[in-house]
Amino acid sequence: MSDQASVSSADKPVLAGNMDTSLLKIIALVCMIFDHVGVAYFPDTMEFRIIGRMALPLYAWCLVVGSEYTHNAFKYALRLFVIGVISQPLNMMALDNPWSELNILFLLCLGVLAIAAIRKKWYFSEFWGPALCFFAVLIFNVDYGWKGLAFILLLYAVRKSKGGIAAAYLSFAAVWGMTSYMVTQIFGVPLTFLNGNLFSPILQIFFRLQSMVWLSLPLILIQTHSRLRMPHWLGYGLYPMHLAGLIAAGLIAGIPLATFIARLGMW
């Protein structure tokens, strides 16, 4: 999530990727909703999870853009932290996660702080700042873990090069998908091109579930001009709102409220 709803066209474009962050955040939210609906109610439908792989990279890029243009990185990080705290009980209730698994907003908060440390260079903070953020990610078991934080910082490092952004995406896809299972069909259609040809070994790397973050790459490389403007409160507030919506959907479907409340006691 970026600190600005979208970068004004009056601002000098210094980044190589798509600056239309309001549109990207909306797409990321929709992808995340698909992912969480799959987790909560359709765990055997892999297509929901495939769509959901696009969310983190889009949020990560919006964060890079926001970090480049924000006037107060600590205020930006504080907003993410506060909304993360508010969202944590809803995350537990909607997705059956324990207290010990912190939601994505804590990862984004640490990403902002790590980038701020690199930019400010306070007493060599470009070295110890990111190191402390990686330590926090591991100690507090933040969603997406060290790989998610590494991806954010890698995107920041290559933010002024389209080729660099593409390389960062594909590298992250290969590493993240290494231990996940192969996607052999989508909507019942077998992916026969994954076998029996010269490119099969490469294709199989990028058609593992977690590897399919590359689906969002065109959205980052191609400039869009939607002129959407998302208020700051809405950009942050949509995350807990969608979790509340998942809980409401479960209640409407007949899941007892006690089931959701009981999840708050899990550790």
Side-chain angles (χ1 to χ4, degrees), residues 17-18 24 27-40 42-64 91 95 97 101-108 110-111 114 130 133-134 137-138 141-159 161-222:
N18 191 357
L24 295 180
I27 296 173
L29 179 70
V30 171
C31 292
M32 182 176 287
I33 291 173
F34 270 98
D35 188 38
H36 289 170
V37 167
V39 171
F42 303 98
D44 296 325
T45 305
M46 187 171 57
E47 285 75 12
F48 283 95
R49 308 307 311 282
I50 292 173
I51 295 172
R53 298 311 89 205
M54 298 171 63
L56 171 64
L58 292 175
Y59 279 132
W61 175 252
C62 290
L63 183 142
V64 168
N91 181 276
L95 304 177
N97 290 327
E101 295 182 12
L102 300 182
N103 64 72
I104 188 177
L105 289 167
F106 291 99
L107 173 70
L108 299 180
L110 290 170
C133 291
F134 274 108
V137 163
L138 295 174
N141 193 22
V142 178
D143 197 12
Y144 293 104
W146 69 267
K147 293 179 182 178
L149 181 57
F151 180 57
I152 291 171
L153 295 181
L154 187 58
L155 276 184
Y156 177 75
V158 300
R159 65 195 183 280
S161 166
K162 283 186 180 294
I165 293 171
Y169 257 71
L170 297 178
S171 298
F172 179 65
V175 172
W176 197 25
M178 195 175 295
T179 58
S180 61
Y181 55 84
M182 185 74 65
V183 176
T184 58
Q185 61 178 16
I186 297 178
F187 296 111
V189 179
L191 303 180
T192 55
F193 59 84
L194 294 179
N195 297 289
N197 63 76
L198 181 63
F199 301 102
S200 292
I202 296 176
L203 292 173
Q204 288 173 10
I205 292 173
F206 294 104
F207 276 84
R208 294 183 179 275
L209 177 61
Q210 302 290 20
S211 298
M212 298 188 75
V213 295
W214 60 263
L215 289 171
S216 62
L217 180 56
L219 295 170
I220 301 301
L221 294 181
I222 300 172

How about Val39 and Pro43: do any of their side-chain heavy atoms sit closer than 4.5 Å? no
Write down the atom of Leu95, the atom of Ala40, and the distance for their closest heavy-atom approach. CD2-CB, 4.4 Å
Within this structure, what is the OG-CG distance for the pair Ser200 and Asn195, rounded to the nearest 0.5 Å? 5.5 Å
Is there a side-chain contact between Leu29 and Tyr59 (heavy atoms, below 4.5 Å)? yes
Side chain to side chain donor-acceptor pair (under 3.5 Å) test vs Asn91 passes for just one of Asn103, Asn97, Asp143, namely Asn97
Over all heavy atoms of both residues, which pair between Leu155 and Ala60 is shortest? Give the atoms and the distance, please. CD1-CB, 3.9 Å
Taking atom CG of Leu105 and atom CG of Leu110, what is their separation to the nearest 0.5 Å? 11.0 Å
Does some side-chain heavy atom of His36 sit less than 4.5 Å from a side-chain heavy atom of Phe48? no
Which atom of Leu149 lies closest to which atom of Gly111, heavy atoms considered: CD1-CA, 3.8 Å
For Asp35 and Gly52, the nearest pair of non-hydrogen atoms, with its separation, is CB-CA, 3.4 Å
Side chains of Leu194 and Leu191, heavy atoms from C-beta outward: is any pair under 4.5 Å? yes
Leu203 CG to Ser211 OG distance, which is reported to the nearest 0.5 Å: 11.5 Å
Ring pair (Phe, Tyr, Trp, His ring centres under 6.0 Å) involving Phe207 - partner list, sequence neighbours excluded: Phe193, Trp214
With rounding to the nearest 0.5 angstrom, report the CD1 to CG distance, Ile220 to Leu58. 5.0 Å
State which residues pass ring pair (Phe, Tyr, Trp, His ring centres under 6.0 Å) with Tyr169; sequence neighbours excluded, sorted by chain then number. Phe151
Could you pull out all residues at least two apart from Val158 that satisfy side chain to side chain contact (heavy atoms under 4.5 Å, CB included)? Ile165, Ala168
Is there a side-chain contact between Trp61 and Arg159, using heavy atoms and a 4.5 Å cut-off? yes
Check: Pro57 main-chain N/O paired with Ser216 side-chain donor or acceptor under 3.5 Å: no
Give the C-alpha distance, both sets of side-chain angles, the deciding distance and a yes or no for side-chain contact (heavy atoms from CB on, under 4.5 Å) between Trp176 and Arg53. CA-CA 11 Å; Trp176 197 25; Arg53 298 311 89 205; 3.7 Å; yes
Using side-chain contact (heavy atoms from CB on, under 4.5 Å), reason through Leu209 and Met46 one step at a time and then give a plain yes or no. CA-CA 8 Å; Leu209 177 61; Met46 187 171 57; 4.2 Å; yes
Side-chain donor-acceptor contacts of residues 178-190 below 3.5 Å, not counting sequence neighbours, with atom names and distances?
{"from": "Ser180", "atom 1": "OG", "to": "Gly177", "atom 2": "O", "distance (Å)": "3.0"}
{"from": "Ser180", "atom 1": "OG", "to": "Gln210", "atom 2": "N", "distance (Å)": "3.2"}

In short, Arg208 meets Gln204 closest at the heavy-atom pair CG-O, 3.5 Å
Going by side-chain hydrogen bond (donor to acceptor under 3.5 Å, both in side chains), name the pairs with one or both residues in residues 145-155, residues two or more places apart or in two chains. none
Counting C-beta onward and ignoring hydrogens, is there a side-chain heavy-atom pair between Leu107 and Leu56 closer than 4.5 Å? yes
CG-CD1 distance between Leu170 and Ile202, expressed to the nearest 0.5 angstrom: 11.0 Å
Could you pull out the closest heavy-atom pair between Ala28 and Ala55, with the gap in Å? O-CB, 3.6 Å
Any side-chain to backbone donor/acceptor pair from Asn18 onto Leu221? Under 3.5 Å, distance only. no
Any side-chain heavy atom of Ile152 sitting closer than 4.5 Å to one from Leu108? yes
Residues which pass side chain to side chain contact (heavy atoms under 4.5 Å, CB included) with Leu102, listed by chain and number, not counting sequence neighbours: Gln88, Phe106, Phe140, Val142
Between CG of Leu217 and NZ of Lys162, what distance do you get to the nearest 0.5 Å? 9.5 Å
